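Order of appearance sets the numbers: ligands from 1, and atoms from 1 within every ligand. Keep in mind that what you see is a predicted model, and the values were worked out from it rather than measured.
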Amino acid sequence: MNVLLIGSGGREHALAWKLAASPMLDRLFAAPGNPGIAQHAVCVALDAGDNNAVVAFCKDKEIDLVVVGPEAPLVAGLADALNAAGIRTFGPSAAAARLEGSKGFTKDMCARYGIPTAAGQRFNNAVKAKAYLRQVGAPVVVKADGLAAGKGVTVAETLEQAMAAVEECFEGAFGEAGAEVVIEEKLVGEEASFFCICDGTTAVPFGTAQDHKAVGEGDTGPNTGGMGAYSPAPVMTEETTARVMREIVEPTLKGMAEMGSPFTGVLFVGLMITAEGPKLIEFNVRFGDPECQVLMMRLKDDLLVLLNAAVDGQLSHVSARWRDEAALTVVMAAKGYPGTPEKGTEIKGVEEAGAAEGVRIIHAGTALDGERLVASGGRVLNVTALASTVTDARDAAYAAVDLIDWPGGFCRRDIGWRAVAREKRV
Ligand code: AMP
Ligand code: GLY
């Protein structure tokens, strides 16, 4: 098979590595890719926002499957354009991608199908939103409706913070994404990410992970796309997983199909495990980044076989198998992130760092400047390790971090702290 992978981050490097290992693969292309992905794929300068250009490329190269990494092209209808041209695509239609593209849409769907989530309401003007805030008080959560690159959510501890977040949204801080807001109760508990691959009617559990969103140690400071992750998430017991499938995932797939927009692709279920049980925080319609990196380290099966089964509506015949070991990834970011990251600083020692047993250095925001590897984004490297426990995986990952010579970068030193503390107790 010839496969085109859309994206350029650490998530896509991990996917490219697994796809390249498939005996079914003939040629792998990546658009636009990165220097890590280039070890496994032919990187092409193709604009994922230009549906016609992607379709033309696929026809020219006889692409049998397109795998879409990030959410933006999905929400913009790339899968629709490809499917209309007869090109098989792993990823939801624009209508199904509303599960991530509109928090208000998801809130309404949860209400309609009795899916456990934070109680909340949607508003399209500041006056009504503020009146509601006065009524419910703080703590409370304010969210821009649309895609805001992970920055549209404010967990407000005071009414003033919540009011300011509402104003910010309606004043255009998130553009069109903030034309509506969702205001909801603050959930209390432990967060977990749960993944399923879906073929429109069947969902197959596809691993659990926990990530660290805050930029600073001890989960302090502004939110990022994720500063590290590990898999599996110990809080996702078999019983909790079964409950999430029954109470959240299955009704969602049924609801989407009933609404005429069956969901195909990765359903990323962001959960809060509360005293009353698991509740939905949000859906994403793609793999998490950096969660995908730790999932791929643990996946035993041929990824390409599984993605094909999803596209062909054959998931009721398959399941995914995982290594018993734990995987952990430390994100190395460029100084300045999540504000304005410094670009172009040189990174050395990547090869040496990746030589240790069980360690893999995944490229997220790197570029080549002649022979030199340089930083070209906010999150730059994902230093990833597989070991028998989270503690051992963490130690291996940080040993590798220490071999990377990059004065322009930084990382959190406490990735996996919750699971490490749990392992100490038992
Ligand atoms: P989201 O982009 O919806 O995942 O939100 C980003 C982060 O905000 C989540 O990972 C949670 O840590 C937090 N968050 C979002 N909604 C809630 C909620 N209802 N209660 C508590 N925390 C929340
Ligand atoms: N790491 C969180 C996300 O991919 O949305």
Side-chain angles (χ1 to χ4, degrees), residues 7 9-12 14-15 69-72 74-75 97 99-107 110 115-122 136 138-157 161-162 165 169 174 177-178 181-195 207-215 219-231 233 266-276 278-295 329-331 333 338 362 364 378-379 382 412 415 418:
R11 167 180 50 208
E12 289 77 21
L15 292 172
E71 65 277 15
L74 293 167
V75 171
L99 286 175
E100 176 166 0
S102 168
K103 294 188 191 291
F105 170 83
T106 298
K107 235 35 258 160
C110 287
I115 295 167
T117 184
Q121 286 196 28
R122 53 199 296 196
V136 295
V140 68
V141 181
V142 177
K143 301 181 172 185
D145 178 71
L147 295 184
K151 295 188 179 119
V153 175
T154 303
V155 181
E157 296 304 330
Q161 282 169 350
C169 270
F174 308 111
V181 301
V182 167
I183 298 177
E184 64 183 33
E185 81 180 295
K186 182 184 169 189
L187 298 172
V188 178
E190 187 170 340
E191 279 188 67
S193 302
F194 175 58
F195 298 85
T208 63
Q210 267 171 333
D211 91 341
H212 297 263
K213 288 225 165 80
V215 72
D219 295 324
T220 54
N223 264 354
T224 68
M227 293 301 290
Y230 54 95
S231 172
V266 180
L267 190 63
F268 168 168
V269 189
L271 292 165
M272 189 72 85
I273 312 304
T274 73
E276 293 147 36
K279 292 192 180 181
L280 177 70
I281 296 178
E282 63 157 3
F283 281 129
N284 296 305
V285 300
R286 38 129 187 123
F287 282 113
D289 187 345
E291 291 91 330
C292 183
Q293 290 82 314
V294 286
L295 293 183
T329 189
V330 176
V331 172
I362 295 171
R379 294 187 293 168
N382 310 140
R412 274 181 65 165
I415 299 305
R418 212 181 249 110

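In summary, the atoms of ligand 2 found under 4.0 Å from a heavy atom of Gly225, numbered by their order in the structure, are 1 (N), 2 (C). For ligand 1 and Glu185, the ligand atoms under 4.0 Å from any heavy atom of the residue are 18 (C), 19 (N), 20 (N). Near Val153, meaning under 4.0 Å from any of its heavy atoms, are these atoms of ligand 1: 1 (P), 2 (O), 3 (O), 5 (O), 8 (O), 15 (C). Each of the atoms 1 (N), 2 (C), 4 (O) of ligand 2 lies under 4.0 Å from some heavy atom of Glu291. Ligand-side atoms of ligand 1 in range of Ala118: 19 (N), range being under 4.0 angstrom from any heavy atom. Atom numbering of ligand 1 starts at 1 in the shown order; those under 4.0 Å from a heavy atom of Lys143 are 3 (O), 15 (C), 16 (N). The ligand atoms of ligand 2 that sit less than 4.0 angstrom from a heavy atom of Phe268 are 3 (C), 4 (O), 5 (O). Residue contact check: Lys103 has heavy atoms under 4.0 Å from atoms 2 (O), 3 (O) of ligand 1. Those atoms of ligand 2 that come under 4.0 Å of a heavy atom in Gly288, given as number and element, are 4 (O).
For Glu282, the side chain to side chain contact (heavy atoms under 4.5 Å, CB included) partners at least two apart in sequence or on another chain are Lys103, Asn284. Take Ser193 and apply the side chain to side chain contact (heavy atoms under 4.5 Å, CB included) test, not counting sequence neighbours, and it matches Phe195, Phe268, Glu291.
For ligand 1, the polar-atom distance check against Val155 finds no nitrogen or oxygen pair separated by under 3.5 Å. Considering both main-chain and side-chain atoms, Asp289 comes within under 3.5 Å of ligand 2 through a nitrogen or oxygen pair. Any N or O atom pair closer than 3.5 Å counts here, and Arg286 shares at least one such pair with ligand 2. Checked by distance only, ligand 1 and Lys213 come closer than 3.5 Å through their nitrogen or oxygen atoms. In terms of polar-atom proximity, defined here as any N/O pair under 3.5 Å, Glu184 does make such a contact with ligand 1.
Under the 3.5 Å distance criterion, the side-chain polar atoms of Glu185 are matched with a main-chain donor or acceptor of Ala119. For the pair Gln210 (side chain) and Glu191 (backbone), a donor-acceptor distance under 3.5 Å is present. A donor-acceptor pair under 3.5 Å is formed between the side chain of Arg122 and the backbone N or O of Gly104. A donor-acceptor pair under 3.5 Å is absent between the side-chain atoms of Thr208 and the main chain of Phe194, judged by distance alone. Within the 3.5 Å criterion, the main-chain N or O of Gly226 finds a donor-acceptor partner in the side chain of Arg379. Here the side chain of Thr274 pairs a donor or acceptor atom with the backbone of Glu276 at under 3.5 angstrom.
Looking at Asn284, Ile281, Val140 and measuring to atom 15 (C) of ligand 1, the nearest heavy atom belongs to Ile281. Counting heavy atoms only, Glu191 comes closest to atom 11 (C) of ligand 1 of the residues Glu282, Glu191, Met272. Comparing Asp219, Asp211, Thr117, Val141 against atom 18 (C) of ligand 1, the shortest heavy-atom distance belongs to Val141.
In this model, no donor atom of one side chain and acceptor atom of the other lie less than 3.5 Å apart for Thr224 and Lys213. Side chains of Thr329 and Asn382: no donor on one and acceptor on the other come within 3.5 Å.
Salt bridge annotation for Asp219-Arg412: present, with a cationic side-chain nitrogen under 4.0 angstrom from a carboxylate oxygen.
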